[in-house]
*Asks:* 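Handing you a structure now.
Side-chain atoms are counted along with the backbone in the values below, which use heavy atoms only and exclude waters and symmetry mates. Below, chain A is the first sequence line, B the second, and so on; all start at residue 1.
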Number of protein chains: 2
Amino acid sequence: MSSDLEVLQEALRGSGQRLTPQRMMVLSALAEQESHVTAETLLDLVRLDYPYINLSTIYRTLDLLVELGLVAETDLGGGVRQFELVGTHPHHHLICQRCGQTVEIGDDTLQPLRDRLQSHYGFEARMDHFAIFGVCKACREG
Amino acid sequence: MSSDLEVLQEALRGSGQRLTPQRMMVLSALAEQESHVTAETLLDLVRLDYPYINLSTIYRTLDLLVELGLVAETDLGGGVRQFELVGTHPHHHLICQRCGQTVEIGDDTLQPLRDRLQSHYGFEARMDHFAIFGVCKACREG
DNA sequence: CTTGCAGCTGCAAAGAGTCGCAATAAAGCG
DNA sequence: CGCTTTATTGCGACTCTTTGCAGCTGCAAG
């Protein structure tokens, strides 16, 4: 299915931006991933097809996709940012600061907060992929 | 008031760590600030008293203080991290991705989410200073 | 008061991400 | 199909932050 590419094309056209081979390759590499990827990983993946692509192009493309709401970015705590296509499987992470374990939670958990921000502040929160740090049950009891 | 130092001393003793002049200077510089500061700013402040302190000491001290829950760190989006003493004035930020404006919201807004994470997942979320990105009312209507 | 040893500090160098700029190449147009 | 405009690319330099290491120091036991 090429709907991702179509969405990209649409989004780019809408804001007067260009559909370049590099952008298509980045998006296609993203679409192949099951889970989060780093910029470095994407660089390697795209270089399989096109060895001349530059890391800053990857970053700029990712920034653009994030801005368009097509990609979610998250810092899961390791000092490296993770990127992921939005919409396929909306979720968030609880990260234990003691043991480092991460638990995935559904997007519906954040809906009440979203609603509240909307009604109280008129703010449309874009929480596509949140990382919430804290202490897990096991570590608190141990 | 020296309660910050007492808290620090207590916390350090508990985990077998040391109370060094550098750490005291960093904490004291933090305590003088009204609002967020960057590591670089802290470096300048501490160097007023002790010109030999190293930037990595600042970062390591901040990491430690964050781990102990005394300091909150936030990336407000500018690529530079902001640090702030916890407890004085718990708050969070809504940041508009269009116009860049930030709005401060009270900590109580996040309490329902905290409660939910606690009851559903046994997870004690540490959301000391959140940055929530999205689109503000003005930008959505304009 | 001295000593031993974690735990710190400062330094230098590596990682991660960003920026400015000249060259390139999409898209639209005739 | 070639031309023009202008966004985008690739590159190198730069910023912010982390890490490895060698030497130093707080602190508690002797």
*Asks:* Can you give me every donor-acceptor pair (side chain of residues 23-39 of chain A, partner residue at least two apart or in another chain, under 3.5 Å) with its distance?
*Replies:*
{"unit_1": "R23(A)", "atom_1": "NH1", "unit_2": "R18(A)", "atom_2": "O", "d": "2.8"}
{"unit_1": "H36(A)", "atom_1": "NE2", "unit_2": "H93(A)", "atom_2": "NE2", "d": "3.1"}
{"unit_1": "H36(A)", "atom_1": "NE2", "unit_2": "H129(A)", "atom_2": "NE2", "d": "3.1"}
{"unit_1": "T38(A)", "atom_1": "OG1", "unit_2": "T41(A)", "atom_2": "N", "d": "3.1"}
{"unit_1": "T38(A)", "atom_1": "OG1", "unit_2": "T41(A)", "atom_2": "OG1", "d": "2.8"}

*Asks:* Taking only residues two or more places apart in sequence or in another chain, which ones pass side chain to side chain donor-acceptor pair (under 3.5 Å) with H120(B)?
*Replies:* none
*Asks:* Identify, with sequence neighbours excluded, every residue that meets ring-ring contact (aromatic ring centres under 6.0 Å, His included) alongside Y59(B).
*Replies:* none
*Asks:* On DNA chain C, compare the nucleotides closest to R81(A) and T20(B); which residue's is nearer the 5' end?
*Replies:* T20(B)
*Asks:* Ignoring backbone atoms, establish whether Q22(A) has a side-chain N or O less than 4.0 Å from OP1 or OP2 of dA25(C).
*Replies:* no
*Asks:* Kindly give the heavy-atom pair with the smallest separation between D75(A) and V80(A), and that separation in Å.
*Replies:* OD1-O, 3.9 Å
*Asks:* Once side chain to side chain donor-acceptor pair (under 3.5 Å) is applied, do any residues pair with D44(A), and if so which ones, sequence neighbours excluded?
*Replies:* none
*Asks:* So if I take the C1' atoms of five pairs at each end of the helix from dC1(C)-dG30(D) to dG30(C)-dC1(D) and get each local axis, what angle do the two axes make, rounded to 10 degrees?
*Replies:* 30°
*Asks:* Quick one: ring-ring contact (aromatic ring centres under 6.0 Å, His included) partners of F133(A), sequence neighbours excluded?
*Replies:* none
*Asks:* Between P on dA27(C) and CG on L12(A), what's the gap in Å once rounded to a whole number?
*Replies:* 9 Å
*Asks:* Going by side chain to side chain donor-acceptor pair (under 3.5 Å), name the residues that satisfy it together with E124(B), two or more places apart in sequence or in a different chain.
*Replies:* R140(A)
*Asks:* On the nucleotide dA25(C), are OP1 or OP2 found under 4.0 Å from the side-chain N or O atoms that R23(A) carries?
*Replies:* no
*Asks:* Which one of T109(A), L113(A), D115(A) satisfies the side-chain contact (heavy atoms from CB on, under 4.5 Å) criterion with Q111(A)?
*Replies:* D115(A)
*Asks:* Got a list of protein N/O to nucleotides 3-6 of chain C N/O distances below 3.5 Å?
*Replies:*
{"unit_1": "dA6(C)", "atom_1": "N3", "unit_2": "R18(B)", "atom_2": "NH2", "d": "2.3"}

*Asks:* Which pairs, with at least one residue in residues 55-72 of chain B and sequence neighbours excluded, count as a salt bridge (Lys or Arg N to Asp or Glu O under 4.0 Å)?
*Replies:* none
*Asks:* If you measure from the Lys or Arg side-chain nitrogens to the Asp or Glu carboxylate oxygens, is any gap between R114(B) and D107(B) under 4.0 Å?
*Replies:* yes
*Asks:* In residues 45-62 of chain B, what residues come within less than 4.0 Å of DNA chain D, judged by heavy atoms?
*Replies:* L55(B), S56(B), Y59(B), R60(B)
*Asks:* Where along residues 32-44 of chain A does a heavy atom come under 4.0 Å from DNA chain D, residue by residue in number order?
*Replies:* none
*Asks:* Go through the structure and list residues passing side chain to side chain donor-acceptor pair (under 3.5 Å) with R126(A), not counting sequence neighbours.
*Replies:* Q97(B)
*Asks:* Whole Å only: how far is the CD atom of E10(A) from the C1' atom of dA27(C)?
*Replies:* 16 Å
*Asks:* Provide, to the nearest angstrom, the distance between the CD atom belonging to E73(B) and the C1' atom belonging to dT18(D).
*Replies:* 13 Å
